[in-house]
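What follows is a single structure, written as structure tokens, with notes after it.
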Amino acid sequence: MQKFIRIMAIVATVLIGGSFLLILLSLLFQRSIATNILGCSAETISCFPQIPVPQLLLCFLRLVCVALLIACCGNKKGGIWVEVIILICLVTVLPGINAIISPLYSKLVTYTQGIDAYVAYSTSNTITTFCLIPSGWGTTLAYITCGMSIAFKHMSKKMDRAVLEAKIGVEEMKELEL
């Protein structure tokens, strides 16, 4: 079970890391994608490249969380609190940060660079959204990994206790608890 949990965490990291690399690669090809596939105007094309900072930050922070998950998942040494903190970060903190930063950054782009830059930024967001698909899969796999690691640690603790009770006897165990 430990190896399976670790493998799932590694796969989640690979998916999120691949998504991060796709975002970085999309920065190189924004003009050609916007021109050939999305059909943007010349004014919009002149505003490229636009860096999708909120999405890049979200993917990077997901990568950090899942990399931490590799280090602590399935280990009997650490408590379940690490997985719980990672799970809370992945479920609430990171989406909350993204929900705050995205509109603020788009307004910043509009006010500082103009409406054509905003259209270019929106086009960049569209391209980046496709790049974030593997990151979503990796995050879902990280949720499952956290849950399995928490269950594994809880069950290991019970199993270790049962083995200890069998070795020293129930009576001596009760004396140890006092």
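No hydrogens, no waters, no symmetry mates; every other heavy atom, side chains included, goes into these values. Everything quoted here is computed from the prediction, not taken from an experiment.
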Determine the minimum heavy-atom distance between [X] and [Y], stating which atoms define it.
X: Pro134; Y: Leu22; result: CG-CD1, 4.2 Å
X: Ser124; Y: Pro52; result: OG-CD, 3.6 Å
X: Cys146; Y: Glu83; result: SG-O, 3.8 Å
X: Pro95; Y: Val91; result: CG-O, 3.4 Å
X: Asn125; Y: Thr129; result: O-OG1, 2.6 Å

Can you give each donor-acceptor pair under 3.5 Å made by side-chain atoms of residues 113-123, sequence neighbours left out, with the distance rounded to 0.1 Å?
residue	atom	partner	partner atom	Å
Gln113	OE1	Gln50	NE2	3.0
Ser122	OG	Tyr118	O	3.0
Thr123	OG1	Val119	O	2.9

Q: Report, as yes or no, whether the 6.0 Å neighbourhood of atom CE on Met155 holds more than 12 heavy atoms from other residues, nucleotides or ligands.
A: no
Once you round to the nearest 0.5 Å, how far does [atom1] of [X] lie from [atom2] of [Y]?
X: Ile86; Y: Leu94; atom1: CD1; atom2: CG; answer: 11.0 Å
X: Gln2; Y: Met148; atom1: CD; atom2: CE; answer: 11.5 Å
X: Thr110; Y: Tyr105; atom1: OG1; atom2: OH; answer: 10.5 Å
X: Leu132; Y: Ile16; atom1: CG; atom2: CD1; answer: 10.0 Å
X: Ile85; Y: Ile80; atom1: CD1; atom2: CD1; answer: 10.5 Å
X: Ser19; Y: Gln55; atom1: OG; atom2: CD; answer: 10.5 Å

Q. Residues in side-chain contact (heavy atoms from CB on, under 4.5 Å) with Val14, at least two apart?
A.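 Testing Val14 for side-chain contact (heavy atoms from CB on, under 4.5 Å), a comparison that skips the adjacent residues, returns Ile10.
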Q: Return the set of residues passing side-chain contact (heavy atoms from CB on, under 4.5 Å) with Leu56 (not counting sequence neighbours), or none when no residue passes.
A: Phe20, Ile23, Leu24, Ile51
Q. So, does Ser149 use its side chain to make a donor-acceptor pair with the main chain of Thr145 at under 3.5 Å?
A. no
Q. Val53, Ile100: one ILVMFWY side-chain cluster at the under-4.5 Å cut-off?
A.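 Result: no, two separate clusters.
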Q: State yes or no: do Leu104 and Tyr111 share one hydrophobic cluster built from I, L, V, M, F, W and Y residues joined by side-chain heavy-atom distances below 4.5 Å, directly or via other members?
A: no
Q. Can you list every pair that meets ring-ring contact (aromatic ring centres under 6.0 Å, His included) and has a residue in residues 125-150, with sequence neighbours left out?
A. none
Q: Using the side-chain hydrogen bond (donor to acceptor under 3.5 Å, both in side chains) rule, collect all pairs that involve residues 87-99, keeping only residues at least two apart or in two chains.
A: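 Qualifying pairs: Asn98-Ser102.
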(Q) What I'd like to find out is whether the side chain of Pro49 reaches to under 4.5 Å of the side chain of Leu27, using heavy atoms alone. (A)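 No, too far: nothing below the 4.5 Å cut-off.
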Extract all donor-acceptor atom pairs below 3.5 Å that involve side chains of residues 57-70 and protein atoms in other chains or at least two apart in sequence.
residue	atom	partner	partner atom	Å
Arg62	NE	Thr139	OG1	3.4
Arg62	NH1	Ser135	OG	2.7

